[in-house]
Amino acid sequence: MKPIQAANGFSFRVGFSGYSGHLRVEPLYTEERDNPIKSLPDFVLPPAFPTETPESIEEHIKEKYLLPRLDKDAFSPEKAGKQWDFDWFARAKIPLEPSMPRAIMVPVWELPFRLCKEGSTEGKWEPNSMQVDVSDIIIGGETRGSFPRASNGAANDIVRGSINNRPFRPGGLEDQSLERIFPDGASNGEWVREVLNGGPAQTIPPGFKQGLKLGDLMSHPCSWNVYKDQSAPDDTSVGNLSELSVQFDDLFKKAWEEDVAELDKDEGHSTESDSVKSEAEANQVDVLNTLDTGSSALDEILSVEAEKVDNGRDEGGQQQKEAWAVSGGSEWIADQFYELVPDMAIEFPFELDTFQKEAIYYLEKGESVFVAAHTSAGKTVVAEYAFALASKHCTRAVYTAPIKTISNQKYRDFCGKFDVGLLTGDVSLRPEASCLIMTTEILRSMLYRGADIIRDIEWVIFDEVHYVNDVERGVVWEEVIIMLPRHINIILLSATVPNTIEFADWIGRTKQKKIRVTGTTKRPVPLEHCLFYSGELYKICEGETFIPLGLKAAKDAYKKKNSSATSGGTGSYSGSSTVQDGARGQKREPFNRGKQNKHSGPQNFGNYTGTGWGNQSNGGGQNSWGSRRTTWLMLIDKLSKKSLLPAVIFGFSKNQCDKSADSISGTDLTSSSEKSEIRVFCDKAFSRLKGSDRNLPQVVRVQSLLCRGIGVHHAGLLPIVKEVVEMLFCRGVIKVLFSTETFAMGVNAPARTVVFDTLRKFDGKEFRPVLPGEYTQMAGRAGRRGLDKIGTVIVMCRDEIPGERDLEHVITGTPTKLESQFRLTYIMILHLLRVEELKVEDMLKRSFAEFHSQKKLPEQQQLLLRKLAQPKKTIECIKGEPAIEEYYEMRAEAEAHSEQISKAVMQTSAAQKFLTPGRVVVVKSQSAQDHLLGVVLKSSSANNKQYIVLLLKPDVPSMTQSPSDRSNLQDKKGADFDQGYVLPPKSKRGLEEDYRISAGPRKGSGIINITLPHHGAAAGVTFEVREAENTEFLCICTSKIKLDLPGLLEFVSNAAFSHTVQQLLKLKSNGNKYPPALDPKDLKLKDMDLVTAYDKWTHLLQKMSQNKCHECIKLEEHIKLAKEIKKYKEEVNALQFELSNEALLQMPEFQGRIDILKEIGYIDEDLVVQIKGRVACEMNSGEELICTECLFENQLDDLEPEEAVALMSAFVFQQKNTSEPSLTSKLSQAKQRLYDTAIRLGDLQAEFKLPITPEEYAQENLKFGLVEVVYEWAKGTPFADICELTDVPEGLIVRTIVRLDETCREFKTAAAIMGNSSLYKKMESASNAIKRDIVFAASLYITGV
């Protein structure tokens, strides 16, 4: 046997021993030899590795690092067809290039005369430096969000985004960073003059303390070609250069397109010394620069105003404004379309309409488009072409729709034409595709979370734009439009609305890009509108023309049929039906009791008297449904005979649709071949359901209806059942479809005929007539393009005929305008607070609600600059420091109280008792300069409500006046007063008049001989006697004087007037202009506010009389100036307020929400988002505050996964009125705990003045109707059994559980942020527990049948 070499060189041999056959191992020993060489083993193993050489090392590095190869195990040919979940982004290596710095040092420009030379080397200027972000100085960096931005997240974050990412900068925001690239000093040529004059070499880099030592550097000699004028060059010496001009100002005026001071045209040049301004001139420049844009901006404003005046002469004074929405003038495009677009991205098998050609042409030019056209007019062609362009340009296009059904249907339609992906709340198919279809909420989330896929998007298509009017979800559209980056073009597809241009103008102004508006008002299939009454059709409108004769024929038929009725039954045609409507309405909607007669909507619908539209939709009892069944059978028979099938019958109640379909159970509208097709289709569709789900009552019932050509479509159906109905209707085998209005919005399935069961609907708050826009949307489903020449719309009439005015309004009326539904939400605020570049105020400014006010801002800015540039008026007081402003403020405040007091105090019976002859009063001045002190001479009577009063005039001839001034005053007053104004000299006065007072008062007859008004002068004071209303009395004084009434009123004695005036002057001798006023107690005032106003008023009168301006001779002039100054300040303050953020409509609510977020710890005092705020940003399904507080209060910790997901159903369930669920004690406690949290948050918001009622807030955001259902479903109960636990329709149950899965994902992400691993696992288990069977059956649109 041969020897065997062991591993360590030890040899042995194997052999047999004896006769037994046992193996024997015998070692082999080497023989010792004397020769050492012979002592070596016979066999030596070669080395494990070859000897390394530089060449072998280089080859090894090249093989391993420079020539990478695919892993043979992972990428073998056998596995080539498999898709591997390989996270390339997580395995990405750090690039070898150094990272770009986030900030750099740049020099700061300073004006030459501001250069600081002190402390510098040799007294030479050394520039300062500042640190700026790189993203601020890179062109285009403003749109990149955080820069530089690495993709270091999971692959899913590329599509969905991450809370750690910063959003992209929205297009249209003013970019202030680029202004730092071109400082002010760089635009006026001064820096060029500095270079010419020479300067030291810069050896120290910015931010460094020391630089290179280059020794003494000598200036390099240079020469400049300088010309006196352009035609004659002059070779002057270098010494004469200072006399000439290098006109760099003109050069850089053209280069930088900035304003610079032009040189003197007469001289044509300036010296070098002119380049450095004096310090005084610099200060003047600084003063002018205190305005926002400086003197150059003021010059620009003045030049703009001059141009505006010139243009106004030619254009009627109207200012030309830039229009962002461009409409019209595109008729030539259709004629030359194939020359303009020779190489189309996609060819269509039919001839395009004019508006389609216009839209495609603008898409080829890369412009945004707004297409407004009727339903089924072909707007989808524009969306298809945008998809084709994205595929051609290797970019992406996004199609957004408000309803998930539209998204699924569009995915099926586009799947065979383009590389399409689908993103909804519960489905994510091929997110890497170039054409993505998603709901608007998904796109909003991507924008807020900064998904990197946004970089690749070229087009965003908004379908059904008129959905922006939706109260609940309309705000999402506005948010998305505002948040889109500027590199994305917008395509808007909408039904015809009256303010298309306005809406497009808002989008264009917001995004700072032109919006091309196109479309058509022409229907592809014309419509005719008919009434159906008593088995006959009456045409009432064709096209847009109303036909009164058809309505008259229907009314005649109505009268003829009801002629045999009782007198009480016939009644008034226009009135009785409304009463009956209310009675029937109470029967049909018991949970809306008290709201049935509220027919007023947001618009004017006319007098809907006599229509009785409410009773058309419902009825009570078997007899009513029996008559309705007869009506349906008559209608279907009529439509079948006239070949007007298939038909869609629109009702506005799920229950009504089901009952209507069941009432015609004996009707069969399909042939045997159609029945076979329906059965085969249903079997294939429902084969994906397990056995128990296939036998659900709804599935069996709908299949039975479908086989007879009758369908039902509403939100209560299971999703798979709805899809079966939609697909069969599109195939044409369903002849009659009872549907709610969602069919008109969510499904593109036109019919031959559309029938309105009623023209009244319940909108969630009250019953109201159908709006013209809603009628147009549903009526647009009538008429199949290419199959029907005309579409028929029928309005059902049972007990009465609608009025002509009402029908004409709803059929041919103006559709509802697009209106803003923008509102602030906490999640929006928190998302925007995460990013410094974006502010909530920017979002508010750019909302559609603020469009008109923001549109006026440029004009208001110019007006403000003009007002600030006006010379300010000053008041020079002759008594020292002017106090006129204080006096004017008091006077204005007193006047504010005067009207209230004159109405509430002076007209009371208590005040009238004090207004007797001799009572001193203060009367309102007619000149509004000063109030007058006077006395009542005669009280009012029953015949004459006016008082006769004597008043002291304020225009007193002062003793300090010069004779000329007095004569001027005499001449001035002579024009106003009678001859008796001047008191006659003593020599010319009669004896009786001179000594009347000493003789005592005479008795009078009571006759009033004085002519009113009477003017005179006594004791150096002018006075006036006139009549006064009780409203003219401002104050009733405590003082009362004795009067000679016969001398004053009957004999008109000058002595009596002089005595009365002297008594009044004595009351003013103590320094007060007015005597004290009556106490409020004397006037019997009981209202505390009125007493306070009266006391304040009397106090102001006394304070005004003590002011030094009160007796000033220039009071009238200064009051006028003070009024102008006050008006000027108010106008400036008003303009500044309008230009500020405080003028925004929702600014008070925003401040309140910010305070609430601070109070509960979502943000800190510096508005930095905290961990609770980051968690709230993840909550998109439910109310963000309640969900976040629920997590941070650990309300789900003591619950099992099934109980937790059941409680979470309260966040997403929508229906208000349901049967009360039966809950376990643990779930009941958790429910109450969550409800208490909502009440606490509601109280807090009400405390901060938000318009919220705590109970309504809790009930609106927490609906516990499906807690028991979801709990049983998570435990594994079959779907048929859980449907027995509630009265909620099956379709709403499925929709709630599907949305609940999305909520579980959000809570799972929130748990990861919080670091709560147990909650993370619980949410994962809860999500797995509900994802099964019919609830999560795949959509037929996605998987096919």
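Heavy atoms only: backbone and side chains are in, while hydrogens, waters and symmetry mates are out.
- Proximity of Ile664 to Phe738: side-chain heavy atoms (C-beta onward) are separated by under 4.5 Å at one or more points.
- No side-chain donor-acceptor contact under 3.5 Å links Glu464 to the backbone of Pro402.
- With salt bridges taken as basic N to acidic carboxylate O contacts below 4.0 Å, one links Arg473 and Glu441.
- At least one donor-acceptor pair closer than 3.5 Å links the side chain of His374 to the backbone N or O of Thr521.
- In terms of heavy atoms, Arg629 sits closest to Ser663 at NE-O, 2.7 Å.
- Side-chain atoms of Thr1296 come within 3.5 Å of backbone N or O of Leu1292 as a donor-acceptor pair.
- Residues Asp556 and Lys552 are paired through a salt bridge, judged by an N-O separation under 4.0 Å between the basic side chain and the carboxylate.
- In plain terms, the two heavy atoms of Tyr533 and Ala554 that are nearest each other are CD2-O, 4.5 Å.
- With sequence neighbours left out, the ring pair (Phe, Tyr, Trp, His ring centres under 6.0 Å) criterion links Phe355 to no other residue.
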field: Glu741/Gln777 under side chain to side chain contact (heavy atoms under 4.5 Å, CB included): CA gap, chis, key distance, verdict
entry: CA-CA 9 Å; Glu741 60 182 322; Gln777 177 78 20; over 6 Å; no
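- Among the candidates Asp505, Asn499, Thr500, the single residue satisfying the side-chain contact (heavy atoms from CB on, under 4.5 Å) test with Glu502 is Asn499.
- A side-chain donor-acceptor contact under 3.5 Å links Thr400 to the backbone of Ile461.
- Considering only heavy atoms from C-beta on, Asn408 comes within 4.5 Å of Glu723 through its side chain.
- Taking the six-membered ring for Trp and the full ring otherwise, Tyr775 and Phe756 have centroids separated by under 6.0 Å.
- Put simply, the side chain of Arg781 never gets that close to the backbone of Val754: no donor and acceptor are under 3.5 Å apart.
- Nearest heavy atoms, Gly550 versus Ile540: C-CG2, 4.0 Å.
- Using a 4.5 Å heavy-atom cutoff, the side chains of Asp1287 and Thr1218 are in contact.
- Here Lys522 does not pair with Asp353 in a salt bridge; the nearest charged N to carboxylate O distance is not below 4.0 Å.
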- request: Given side chain to side chain contact (heavy atoms under 4.5 Å, CB included), test Lys761 with Glu774 step by step and report yes or no.
  value: CA-CA 11 Å; Lys761 63 175 290 188; Glu774 295 169 339; 3.4 Å; yes
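- Classified by interplanar angle (parallel below 30°, tilted 30° to 60°, perpendicular above 60°), the ring pair Phe503/Phe370 is perpendicular.
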task: Could you check Ile790 against Asp788 for side chain to side chain contact (heavy atoms under 4.5 Å, CB included), going step by step and ending with a plain yes or no?
output: CA-CA 5 Å; Ile790 192 168; Asp788 305 322; over 6 Å; no
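- In this structure, Trp506 CH2 and Ser820 OG are separated by 7.0 Å, a value rounded to the nearest 0.5 Å.
- Separation of atoms CD1 (Ile801) and OH (Tyr538) is listed at 7.5 Å; rounding is to 0.5 Å.
- In terms of modelled atom types and a separation under 3.5 Å, the side chain of Arg523 and the main chain of Ala377 share no donor-acceptor contact.
- Proximity of a side-chain donor or acceptor of Glu478 to a complementary backbone N or O of Gln821 within less than 3.5 Å is detected.
- For Phe848 and Phe822, the gap between ring centers reaches or exceeds 6.0 Å.
- The shortest side-chain heavy-atom distance between Cys657 and Ser739 does not fall under the 4.5 Å cut-off.
- A donor-acceptor distance shorter than 3.5 angstrom exists from the side chain of Lys735 to the backbone of Gly732, with no hydrogens or angles considered.
- Residues Val810 and Pro769 fail the side-chain proximity criterion, which asks for heavy atoms closer than 4.5 Å.
- Between Glu804 and Lys555, the shortest heavy-atom distance links the atoms N-NZ, 4.3 Å.
- Heavy atoms only, all atoms of each residue included: Phe652 and Thr758 are closest at CE1-O, 3.4 Å.
- A perpendicular orientation is assigned to the rings of Phe729 and Phe743, their planes being inclined by more than 60° (bins at 30° and 60°).
- What you find for Thr518 and Ala359 is that their closest heavy atoms are CG2-CB, 4.2 Å.
- Here the NZ atom belonging to Lys539 is positioned 12.5 Å from the CG atom belonging to Leu531, to the nearest 0.5 angstrom.
- We find that Arg701 and Asp662 are joined by a salt bridge, their nearest charged nitrogen and carboxylate oxygen being less than 4.0 Å apart.
- A side-chain contact (heavy atoms from CB on, under 4.5 Å) with Glu674 holds for exactly one of Val733, Ile734, Leu728; it is Val733.
- Dense packing is recorded around CZ of Arg708, with more than 12 heavy atoms of other residues, nucleotides or ligands lying under 6.0 Å away.
- By the 4.5 Å heavy-atom criterion applied to side chains, Lys654 and Pro1289 are counted as neighbours.
- Electrostatic pairing of Lys641 and Asp637 counts as a salt bridge here, judged by a charged N lying under 4.0 Å from a carboxylate O.
- The closest side-chain heavy-atom distance from Lys642 to Thr792 is not below 4.5 Å.
- Using a distance-only test at 3.5 Å, with no hydrogens or angles considered, no donor-acceptor pair links the side chain of Gln1215 to the main chain of Val1288.
- With contacts defined as side-chain heavy-atom distances shorter than 4.5 Å, the pair Asn469/Leu818 qualifies.
- Separation of atoms CG (Leu635) and OG1 (Thr753) is listed at 9.0 Å; rounding is to 0.5 Å.
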task: Starting from the C-alpha separation in whole Å, work towards a yes-or-no answer on side chain to side chain contact (heavy atoms under 4.5 Å, CB included) for Val736 and Leu645.
output: CA-CA 7 Å; Val736 175; Leu645 296 178; 4.1 Å; yes
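- Shown are Asp658, Thr740, Thr742; of these, the side chain to side chain donor-acceptor pair (under 3.5 Å) with His714 is made only by Asp658.
- Taking CG of Asp806 as the reference point, atom CD1 of Ile811 lies at 10.5 Å (rounded to 0.5 Å).
- Distance NZ/Lys410 to CG/Asp463: 6.0 Å, rounded to 0.5 Å.
- Looking at residues two or more places apart in sequence or on another chain, you find no salt bridge (charged side-chain N to carboxylate O under 4.0 Å, His left out) involving Asp470.
- Checking side-chain atoms of Glu850 against main-chain N and O of Ser847 turns up no donor-acceptor pair under 3.5 Å.
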